[in-house]
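Structure, as C-alpha cells:
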Amino acid sequence: MASLVKLISLKQPEKERVLDLETEAEYRERWISIRVLYYMGFLMFLSFGIVATGLWPFLTSLEPSASKAFLGYLFMAPPLGQLLFSPFIGWWSNKSSSIRVPLLLLAVIFTVANIIYAFAGEFKSDQKYVLLLSRTFVGVATSAVTVGRAYISSATRLSERTKTISYMALAQSLGLMVGPILQSLFSVMGARGVRIFDLFDINMYTTAGWVSAVLGVLNIFLLMPGFFKDRPIALKEAMKSQGAASAKEAWKSVKLRYFPIAAAIVAFSLLMLAYVAFQTLLSPIALDQFGWTNEESLFYLGILMTAGALVSCVLFLLLDTLCKRFTETNVLVYGAMFALFLSQLLMIPVGKDSISDCTEGHLNETTISTNSTIGCPAAQEWCCDTPAIGKVQFTIAYTLLCISFSIGTTLSQAVYSKLLGPRPQGTWMALLTCAGSVARILGPGSVSIYVLFGTYWTFGSGTVICGLVFLWMWVYRNRRRSSLGPKE
C-alpha cells in the first residue's frame, strides 16, 4: 500500500530536494510527464490486445475467401512498421528540442490508423488491404516506445531508472490483459451491430477501432504543454556528480562499452523471440499434444495466459526491491536468462508414450481423424515416435518463460540505458526497438519448425541457443575487469 501511495503521490521527497537538481514544481512536472508515457504505453499495447482475438473473424467477415496466410501478414505488419520507422523517430527525437512533437505525430497516426480499421467495412473492395494498411500504421505509431524509452532515460535519475522502466512494462502488460477482456465484452453487440447515420457500423469488431481512436484523442490531449513538459534530469545529475562544465563533457566522461551494450541487446531480443515463439505455439501444442477441442483450448489457454500476465505484473512491482537486494546483473543473468534456458529445456518431451498411436506409419484413425481438429494431424509424421508433452511440464515451462520475460526485458532495458550514460539515447533506443521488432517478426516462424520437425527440434534448438547465451553472459559477468552492468 505504501508503494502504491508513493506511486500516486507527486510530492518531492526531502532526500531528493537536498540534491538541488530540480525544484518541487519541476519534480511534479517531470513525474506527470512520465505518467503520460505510462498511459501511452498502456494504450499502444491495449490496441494490440483488443484486436488480437477479433482480427481473424473480422477479416473473414469482410472477405470470406481470405487465407490464414494473410492473417499472418496482418500480425507481421505492426512490428515491420515499427522496425522501419523507429530509426527515423529515434534520430528525430535526438535532434528535436522537445520530444512532444514526434510523440504528437505518432499519437495522431495511431488515432487515424484505428479510425481506418473501424471504417474498413465501408470500402467497396480490397477491404483486407485496408486492414493491412491500418495495422501497418499502428506499427509505425508504436515507434513511440523508442521515444518513451529515450525520454525515461533522460528524465530519471540512475536510482529511479529501473523502477520507472518496470512500471512502464507493467502499464504495457495491463494493456495486453485488458484488451482481450474488452473484445469479449464487445461481442454482445454481435457482428451486425448498429448503423450510425447510414455512414458506418458499430459492431463487435469495429468497436475495437473506435475505442482505441477515442483513447488516442485523449493521448493527444495529454501531450499538450499543460500536461507534458520535457524535464530531463539525467544530464544534470551526471554533470553535478562529475563536476562537468558542459553537456558534451558529461557525455564524453561515460565511455561506451560495446560488449556489455551488445549483451543487453542480445538478451532483450532473445527474450522477445522466445516469448513470441512460445505464445505462437500455445494453441498448436494444446490442440496436438493434449487433444483439446478449439473451445477447450481457448478456455484453458486463456486461464494460463491470464495467470502468466498476473505473475508478470507482480514481478514488475517487486523488481526494484529485488534489485536492491541483489545486483541488477545477477538478477538479469540468473532470474531471466537461466529461467529462459530452463523454460526451453523443460519443453523437450520425455517418456516412452508417443503423442498418438500409429499403425503402418499412419495415425490411428480411431484416435485421431485427419478431418478432425482434435489431436495431432496425420501430416505431422513425427507425432508417431515423439513422446507427448505433459500438462504440468507445459505449465511450469510457460510460468518460467513469463518470469524470465518480465525480469529480462525490463532489466536489459535498464542496464542498456545506464550503459549509454547521459548522452541523447533516441538513436540507441531505436536500435533496441529494431532488435525487438525483428524478434517479433521471426518468432511466428517457430510454427513452421514445429509442424515440419516436431518438438525435439523446436525446443531442442531453443535450449541450445538460450543455454549458450546464458553461459556467455555468465562467464562475462565473472571477469574481474569487466561487468555487464553499468559503472555507477
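Because only heavy atoms are used, hydrogens play no part in the values below, and waters and symmetry mates are left out as well, while side chains stay in.
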Test item: M429 and V147 side chains (from C-beta on) under 4.5 Å apart, heavy atoms: no
For a 4.5 angstrom cut-off between non-hydrogen side-chain atoms, does Q413 reach I152? no
To the nearest 0.5 angstrom, please state how far the CG atom of L319 sits from the NZ atom of K163. 11.0 Å
Going by heavy atoms in the side chains, are T162 and K418 under 4.5 Å from each other? yes
Give, for atom CZ of R257 and atom CG of L420, the distance between the pair rounded to the nearest 0.5 Å. 11.0 Å
Within the 4.5 Å heavy-atom criterion, are T164 and W31 side-chain neighbours or not? yes
To the nearest 0.5 Å, tell me how far F341 CZ sits from L346 CG. 9.5 Å
Test: R161 and E328 ion pair at under 4.0 Å: no
Would you check if the distance from the ring center of F227 to the ring center of Y39 is below 6.0 Å? no
Evaluate the criterion side-chain hydrogen bond (donor to acceptor under 3.5 Å, both in side chains) for residue pair T433 and R149; output intermediate values, then yes/no. CA-CA 9 Å; T433 301; R149 288 172 181 154; 2.9 Å; yes
Check the pair M347 / Y398 against side chain to side chain contact (heavy atoms under 4.5 Å, CB included), numbers first and verdict last. CA-CA 9 Å; M347 284 299 291; Y398 183 73; over 6 Å; no
What closest approach, in Å, do I403 and G335 show between heavy atoms, and which atom pair accounts for it? CG2-O, 4.0 Å
Restricting to non-hydrogen atoms, name the atom on L74 and the atom on P78 that form the minimum distance, rounded to 0.1 Å. O-CD, 3.2 Å
Should the pair Y275 and F405 be assigned to parallel (<30°), tilted (30 to 60°) or perpendicular (>60°) ring geometry? parallel
Give, for atom OG of S343 and atom CG of L400, the distance between the pair rounded to the nearest 0.5 Å. 6.5 Å
Look up atom CG in L432 and atom OG in S437, then write down how far apart they are to the nearest 0.5 Å. 9.5 Å
Checking the side chain of S269 only, and the main-chain atoms of A439 only, is there a donor and an acceptor separated by less than 3.5 Å? no
If you round to the nearest 0.5 Å, how far is CG of L104 from CG of L223? 5.0 Å
Sole candidate of V112, I109, L132 that passes side chain to side chain contact (heavy atoms under 4.5 Å, CB included) when paired with F137: I109
Any side-chain heavy atom of C466 sitting closer than 4.5 Å to one from L270? yes
Backbone N or O of F110 within a donor-acceptor pair of the N114 side chain at under 3.5 Å? yes
Side-chain (S134) to main-chain (V130) donor-acceptor, under 3.5 angstrom: no
What heavy-atom pair brings G426 and S93 nearest, and what distance separates the two atoms? CA-OG, 3.6 Å
Given side chains that start at C-beta, do those of L84 and L80 come closer than 4.5 Å, heavy atoms only? yes
Show the nearest heavy-atom pair for residues Y151 and K229, with the distance to one decimal. OH-O, 3.2 Å
Does the side chain of M337 reach to within under 4.5 Å of the side chain of L271, using non-hydrogen atoms? yes
Closest heavy-atom pair, A430 versus P87, reported as atoms and distance to 0.1 Å, is CB-CA, 3.8 Å
Quick one: do E160 and R30 satisfy side chain to side chain contact (heavy atoms under 4.5 Å, CB included)? Show the steps, please. CA-CA 12 Å; E160 301 168 337; R30 179 165 67 92; 2.9 Å; yes
So, S47 and S212: side-chain donor and acceptor under 3.5 Å apart, yes or no? no
Assess whether side chain to side chain contact (heavy atoms under 4.5 Å, CB included) is satisfied between F228 and I99, documenting all intermediate values. CA-CA 10 Å; F228 188 90; I99 68 164; 3.7 Å; yes
More than 12 non-hydrogen atoms from neighbouring residues, nucleotides or ligands closer than 6.0 Å to CZ on F42, yes or no? yes
Walk me through whether L218 and L222 qualify under side chain to side chain contact (heavy atoms under 4.5 Å, CB included). CA-CA 6 Å; L218 176 59; L222 291 175; 4.3 Å; yes
For S86 and L83, indicate whether the former's side chain and the latter's backbone hold a donor-acceptor pair under 3.5 Å. no
Flag the pair L317 / Y167 as yes when at least one side-chain heavy-atom distance between them is below 4.5 Å, and no otherwise. yes
In terms of relative ring orientation, are F259 and W472 parallel, tilted or perpendicular, with 30° and 60° separating the classes? perpendicular
W428 vs Y416 aromatic rings, parallel, tilted or perpendicular, using cut-offs 30° and 60°? perpendicular
If you compare all heavy atoms of S173 against all heavy atoms of C313, which two are closest, and at what distance to 0.1 Å? CB-SG, 4.3 Å
Aromatic ring pairing F119/W210, orientation class (parallel under 30°, perpendicular over 60°, tilted between): perpendicular
